[in-house]
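Just so we're on the same page: letters track the sequence lines, and every chain starts at 1.
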Protein chains: 2
Amino acid sequence: MALARKEEFARKEIDLADFAKALGHPARIAILTVLAQKKECICGDIVIDLPLAQSTVSQHLKALKEIGLIKGTVDGPRSRYCIDWKVFEKFQRQFDGWTSKISELKQENTC
Amino acid sequence: MALARKEEFARKEIDLADFAKALGHPARIAILTVLAQKKECICGDIVIDLPLAQSTVSQHLKALKEIGLIKGTVDGPRSRYCIDWKVFEKFQRQFDGWTSKISELKQENTC
DNA sequence: TGTGCTAATCGTACAAACACGATATACGAT
DNA sequence: ATCGTATATCGTGTTTGTACGATTAGCACA
């Protein structure tokens, strides 16, 4: 990233990009999908489902947690994760807003 | 990426992640937004709008082109770019499909 | 044929992402 | 107290992304 020009963009663009970036790896897509379909989602269950080492999965979980898409609680010796639907839906609305905005602006193009 | 375990995920997950990744930088969000609102979008116009060097913008354009979200044509000494709405909408549908799928599976969670 | 413009590509530097094994931590059970 | 299990974190190597200046390539026009 050399010198993170990122900050010079509009807040909206940065937020949207961060959300997209969080979904920008198949492992994280897979994790969210797994989390959605299990009621009690323990870290180990996810590790089994993915073709990755435990430590790598842990990293992806951390990334999703940092952006707020998932929450985690400690339950004895294990960790339970779940999607934070409030955050998820916020991002979804934001994304929808952006796509419908640019779709409205859509013009017949010249190329 | 060490050794690109990426290939071991499902095609659907990879496609979705690639799309998200393409949107995973504010510059590329900004580029698409600009492209949507101009009929004749010349590379130079985009460069002026962004806080980045010409060569860097060119790289981002290339990335968007590679995944198919935009098309480019040469027009004399300049380059014209536009969104490939067919591709854009394809990805949008894919994303919608995924979000509604996981929303349906949504359970009251335990954490 | 040369000049001037636009945009792509090259080379480079640095930062971040990805992946793993090894280790540390935290807890339950014995 | 000890052991076993589950998960997080650390250290490390490799790859990819981001950014820039410099150069190249293409085209229009004098």
Side-chain angles (χ1 to χ4, degrees), chain A residues 1-9 13-14 17-31 34-35 40-67 70-82 111, chain B residues 1-9 13-14 17-31 34-35 40-67 70-82 111:
Chain A
M1 206 174 291
L3 232 159
R5 276 291 126 90
K6 204 176 131 178
E7 312 309 330
E8 300 178 31
F9 288 90
E13 289 165 350
I14 296 170
D18 284 345
F19 169 55
K21 200 174 185 179
L23 303 181
H25 193 288
R28 293 193 290 271
I29 296 283
I31 287 172
V34 171
L35 287 187
E40 312 219 347
C41 205
I42 285 146
C43 180
D45 297 349
I46 307 169
V47 174
I48 291 167
D49 277 12
L50 305 196
L52 296 170
Q54 179 265 322
S55 57
T56 306
V57 173
S58 204
Q59 269 186 344
H60 285 300
L61 284 167
K62 197 181 176 190
L64 288 170
K65 207 169 160 188
E66 263 163 11
I67 203 181
I70 66 173
K71 295 180 290 188
T73 52
V74 177
D75 176 24
R78 54 201 82 188
S79 283
R80 218 179 277 284
Y81 284 102
C82 63
C111 66
Chain B
M1 207 173 292
L3 232 158
R5 276 291 125 92
K6 207 175 127 177
E7 313 309 332
E8 300 180 30
F9 289 89
E13 289 165 349
I14 296 171
D18 283 346
F19 169 56
K21 200 174 188 182
L23 302 182
H25 193 289
R28 293 191 291 269
I29 296 284
I31 287 172
V34 172
L35 287 187
E40 313 218 347
C41 206
I42 284 146
C43 180
D45 297 350
I46 306 168
V47 174
I48 290 167
D49 276 12
L50 305 195
L52 296 170
Q54 178 262 323
S55 57
T56 307
V57 173
S58 202
Q59 269 187 344
H60 285 300
L61 285 167
K62 197 180 174 188
L64 288 170
K65 207 169 157 187
E66 262 163 11
I67 203 182
I70 65 174
K71 295 179 290 186
T73 52
V74 177
D75 176 23
R78 55 202 79 190
S79 284
R80 218 178 276 286
Y81 282 102
C82 65
C111 66

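A:I29 places its CD1 atom 16 Å from the C1' atom of C:dC18, with the value rounded to the nearest Å. We find that CG of A:L50 is positioned 15 Å from C1' of C:dC20, with the value rounded to whole Å. The nearest whole Å value for the distance from the CG atom in B:L52 to the P atom in D:dG17 is 17 Å. A straight line from CG of B:D18 to C1' of C:dA17 spans 15 Å, rounded to a whole angstrom. The nearest whole Å value for the distance from the CD1 atom in A:I70 to the C1' atom in D:dA8 is 13 Å. Summarising the geometry, the separation between CG on A:L23 and C1' on C:dA17 is reported as 16 Å, rounded to the nearest angstrom. Between A:R80 atom CZ and C:dC27 atom C1' the separation is 14 Å, expressed in whole Å. Taking atom CD on A:Q54 and atom C1' on C:dA24, their separation rounds to 12 Å, with Å as the unit.
Of the listed nucleotides (C:dA7, D:dT7, D:dA19), C:dA7 has the atom at the smallest distance from the side chain of B:I42. Side-chain proximity of A:S79 to the nucleotides D:dA6, D:dA28, D:dA8 is greatest for D:dA8. Candidate nucleotides D:dA8, C:dA16, C:dA7 were compared by shortest atom distance to the side chain of A:K21, and C:dA16 ranks first. With C:dC18, D:dA28, C:dA22 as the candidates, the nucleotide lying closest to the side chain of B:P77 is D:dA28. The side chain of A:R78 sits closest to D:dT7 out of C:dA19, D:dT7, C:dA7.
Mapping A:P51 and A:D75 onto DNA chain C via the closest heavy atom, the residue that lands nearer the 5' end is A:P51.
Look at A:Y81 and you'll find a side-chain N or O under 4.0 angstrom from OP1 or OP2 of D:dA8.
Residues of residues 55-62 of chain B that place a heavy atom closer than 4.0 Å to DNA chain D, in numerical order, are B:S55, B:T56, B:Q59, B:H60.
Rounding to the nearest 0.5 angstrom, the gap separating the OH atom in A:Y81 from the CD1 atom in A:I46 is 7.5 Å. Atom CG of A:L50 sits about 5.5 Å away from atom CD1 of A:I31, to the nearest 0.5 Å. In this structure, CG in B:D18 is found 11.0 Å from CD in B:E66, a value given to the nearest 0.5 Å.
Of the possible donor and acceptor atoms, one in the side chain of B:R28 sits under 3.5 Å from a partner among the backbone N and O of B:K21.
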Check your understanding: Does the side-chain contact (heavy atoms from CB on, under 4.5 Å) test come out yes or no for B:F19 and A:L23, once each step is laid out?
Key -> CA-CA 9 Å; B:F19 169 56; A:L23 303 181; over 6 Å; no
Point to revise | B:V34 and B:D45: CA distance, side-chain angles, deciding distance, side-chain contact (heavy atoms from CB on, under 4.5 Å) verdict | key: CA-CA 9 Å; B:V34 172; B:D45 297 350; 5.7 Å; no
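Between A:H25 and A:H60, the ring planes lie tilted relative to each other; the angle falls in the 30° to 60° range.
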